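The block underneath contains the structure these notes are about, expressed in structure tokens.
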Amino acid sequence: MEGGTLKSPGYLGVPEFEDDGDPDPFQWDAREDCEVRQILDRIADKWSLLVIALLDSRVLRFSELRREIDGISQRMLTVTLRQLERDGLVSRTVHPVVPPRVEYALTELGCTLHTTIRSLVTWTEQHQNEIAAARASYDTRDEPTAPEGPVRLPAPTPAPTPTPASAPVERAAVRQPR
């Protein structure tokens with residue numbers, strides 16, 4: 001097999017489907033250039049999720065989106081909207097008025113994604129107390145903690161290099177004063 005070549009899940013002895021019918025977790029390629037991974041990276045981004053959620057059943061202007069999304073910079077909102085528009089999830093409409101009015105809305109494709117996001121939000125709301133309890137339990141476990149501040153290790157002392165008894169010892173020539 002060529003270096004850097006990934007073995008297929010079947011080759012690794014991993015079945016395509018588990019007994020419960022769930023798809024193989026190795027079905028998506030983990031490389032950065034994989035289309036599925038790129039799309040998941042985009043739609044799972046926190047800013048993208050918030051934009052898609054806010055655009056559900058309504059059209060918003062840039063300033064309205066920025067006001068609604070706490071903590072997002074103008075540049076990040078611009079980049080997020082451009083990427084969602086490129087992926088066909090958001091439409092951008094420029095109205096020829098002074099000052100220009102730009103509105104954003106979900107496309108049909110974006111609306112189908114919103115349904116999935118709504119399911120994720122519902123799950124989160126149903127399990128938020130369990131997650132909070134798990135976090136509190138994790139945060140209070142008795143584990144050794146790292147010392148505060150930088151750790152200073154003693155400088156290593158060089159080990160003497162042994163010289164074989166038969167090796168000639170070179171002596172530096174010493175000038176004798178006249």
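Along the sequence shown, residues are numbered consecutively beginning with 1. Here the structure is a predicted model, which is why all the values come from computation and not from measurement.
Under the 4.5 Å side-chain heavy-atom criterion for ILVMFWY residues, no single connected hydrophobic cluster contains both L49 and V79. Note on F62 and V94: same hydrophobic cluster, where clusters join Ile, Leu, Val, Met, Phe, Trp and Tyr whose side-chain heavy atoms are under 4.5 Å apart, directly or indirectly. In terms of hydrophobic clustering, with Ile, Leu, Val, Met, Phe, Trp and Tyr side chains grouped at heavy-atom distances under 4.5 Å, I43 and L109 are assigned to a common cluster. Cluster annotation: V97 is not connected to V102 through the hydrophobic network of ILVMFWY side chains, with a link wherever side-chain heavy atoms come within less than 4.5 Å.
With hydrogens and angles disregarded, no donor-acceptor distance shorter than 3.5 Å links the side chain of E125 to the backbone of T122. With D45 contributing its side chain and W47 its backbone, the two residues share a donor-acceptor pair below 3.5 Å. Side-chain atoms of T140 come within 3.5 Å of backbone atoms of A136 as a donor-acceptor pair (strictly under, hydrogens ignored). Formation of a donor-acceptor pair under 3.5 Å by the T107 side chain with backbone atoms of G88 is found in this model.
By the side chain to side chain donor-acceptor pair (under 3.5 Å) test, R92 is found to be paired with Y104, residues two or more places apart in sequence or in another chain being considered. The side chain to side chain donor-acceptor pair (under 3.5 Å) check on Q128 picks up nothing, with sequence neighbours excluded. For R135, the side-chain contact (heavy atoms from CB on, under 4.5 Å) partners are I131, not counting sequence neighbours.
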Verify salt bridge (charged side-chain N to carboxylate O under 4.0 Å, His left out) between E103 and R101, making sure each step is shown before the conclusion. CA-CA 7 Å; E103 296 177 332; R101 186 174 53 141; 3.3 Å; yes
Assess the residue pair T78 and R82 against the criterion (side chain to side chain contact (heavy atoms under 4.5 Å, CB included)); give the C-alpha distance rounded to whole Å, side-chain angles, the decisive distance to 0.1 Å, and a yes or no. CA-CA 6 Å; T78 300; R82 283 184 186 158; 3.6 Å; yes
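A distance of 11.5 Å separates CG of L77 from CD of E68, quoted to the nearest 0.5 Å. The distance from the NE2 atom of H95 to the CZ atom of R61 is 8.5 Å, given to the nearest 0.5 Å. Note that CG of L84 and CG of L106 are 9.0 Å apart. Values are rounded to the nearest 0.5 Å. Remark: L81 CG to L65 CG distance equals 6.0 Å, nearest 0.5 Å.
Closest heavy-atom contact between I72 and I69: CG2-O, 3.3 Å. The minimum heavy-atom distance between R118 and D56, with the atom names listed, is NH2-OD2, 3.6 Å. The minimum heavy-atom distance linking R42 with S48 is given by the pair O-OG, 3.1 Å.
L60 is not listed as a side-chain neighbour of V51, based on a closest heavy-atom distance of 4.5 Å or more. Between L40 and V36 there is a side-chain heavy-atom pair separated by less than 4.5 Å. Residues L113 and L89 form a side-chain contact, since some pair of their non-hydrogen atoms from C-beta on lies under 4.5 Å apart.
Counted within 6.0 Å of CG on D139, heavy atoms from surrounding residues, nucleotides or ligands total more than 12; the atom is thus considered enclosed.
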